[in-house]
Amino acid sequence: MNHAEFSCSVQPSYLEEQSNPARHEYAFAYTVTIVNSGTVAAQLIGRHWLITDATGRVEEVRGLGVVGHQPMLKPGERFEYTSWARLETPHGSMQGSFFCMTDEARLFEAPIPAFTLARSQSLH
């Protein structure tokens with residue numbers, strides 16, 4: 001039976017040169033790898049992120065595509081992109097989902113597991 005599934009993994013990093021701790025500005029990059037682990041071709045249509053800082057403040061971000069792209073992936077193909085987020089605290093977390101559609105116009109969601117954004121020195 002045909003099934004649609006995207007697997008997502010994320011590699012975050014702290015951007016020292018874009019951050020200004022004195023002004024409570026902490027910048028983080030994150031590289032997302034999306035793999036079509038299903039058996040049918042599908043397209044990433046949109047995204048939904050929940051970005052949480054250390055005080056528990058949540059920012060919700062929704063939009064079409066990722067970094068200006070709506071990649072169509074055949075089974076086994078991957079798409080990787082890097083984006084960034086800014087927090088007012090030296091650590092926080094992100095999680096979310098991608099909204100996707102198969103080439104037969106069936107909608108599905110691909111969850112993005114929670115990952116930590118952390119300025120390494122602040123974890124001590």
Q | Side-chain cluster (under 4.5 Å, hydrophobic types only) that Leu64 belongs to, other residues | A | Ile45, Met101, Leu107
Q: For this output row, return yes or no: ring centroids of Phe6 and Phe108 closer than 6.0 angstrom.
A: yes
Q) Shortest non-hydrogen contact from Ala118 to Tyr14? A) O-CB, 3.9 Å
Q) Hey, does Val32 have a side-chain heavy atom less than 4.5 Å from the side chain of Val66? A) no
Q: Output the distance between atom CD1 (Ile34) and atom SG (Cys100), rounded to the nearest 0.5 Å.
A: 7.5 Å
Q. Passes side chain to side chain contact (heavy atoms under 4.5 Å, CB included), Thr33 versus Arg78? Steps please.
A. CA-CA 7 Å; Thr33 303; Arg78 69 178 51 226; 3.3 Å; yes
**Q.** Glu16 CD to Phe28 CZ distance, which is reported to the nearest 0.5 Å
**A.** 10.0 Å
Q. Can you name the closest pair of heavy atoms from Ala29 and Thr82 and give their distance?
A. CB-CG2, 4.3 Å
Q: Report the hydrophobic cluster partners of Met72, with the cluster defined as I, L, V, M, F, W, Y residues connected by side-chain heavy atoms closer than 4.5 angstrom, directly or transitively.
A: none
**Q.** Results of ring pair (Phe, Tyr, Trp, His ring centres under 6.0 Å) for Phe79 - residues two or more places apart only
**A.** His69
Q. At what distance, to the nearest 0.5 angstrom, does CD of Glu59 lie from CZ of Arg86?
A. 11.0 Å
Q: Output the distance between atom OG (Ser9) and atom CD (Glu80), rounded to the nearest 0.5 Å.
A: 8.0 Å
Q.
Applying side chain to side chain donor-acceptor pair (under 3.5 Å) as the test, list every pair that has at least one member in residues 93-112; sequence neighbours left out.
A. Ser97-Glu109
Q | Asn36 (side chain) donor-acceptor with Leu73 (main chain) under 3.5 angstrom | A | yes
Q. With sequence neighbours excluded, what pairs up with Tyr26 under the ring pair (Phe, Tyr, Trp, His ring centres under 6.0 Å) test?
A. none
Q.
Over 60° means perpendicular and under 30° means parallel, so tell me whether Phe115 and Tyr30 are parallel, tilted or perpendicular.
A. tilted
Q) Can a salt bridge be assigned to the pair Arg62 and Glu60 using a cut-off of 4.0 Å between side-chain N and carboxylate O? A) yes
Q. With a 4.5 Å heavy-atom cut-off, do His91 and Leu117 have their side chains touching?
A. no
Q. Would you say Pro12 and Met94 make side-chain contact, with heavy atoms under 4.5 Å?
A. no
(Q) For Leu15, is there any backbone N or O sitting under 3.5 Å from a side-chain donor or acceptor partner on Gln18? (A) no
(Q) Please find the pair of heavy atoms, one from Gly65 and one from Arg47, that lie closest to each other, and give the distance. (A) O-NH1, 2.7 Å
Q) Do any pairs count as a salt bridge (charged side-chain N to carboxylate O under 4.0 Å, His left out) and have a residue in residues 24-42, sequence neighbours left out, and if so which ones? A) Arg23-Glu25
Q) Are side-chain heavy atoms of Thr31 and Val10 found at a separation under 4.5 Å? A) no
Q. Any side-chain heavy atom of Ile51 within less than 4.5 Å of one from Val61?
A. yes
Q: Looking only at non-hydrogen atoms, find the nearest pair between Val40 and Pro75 and report the distance.
A: N-CG, 3.6 Å
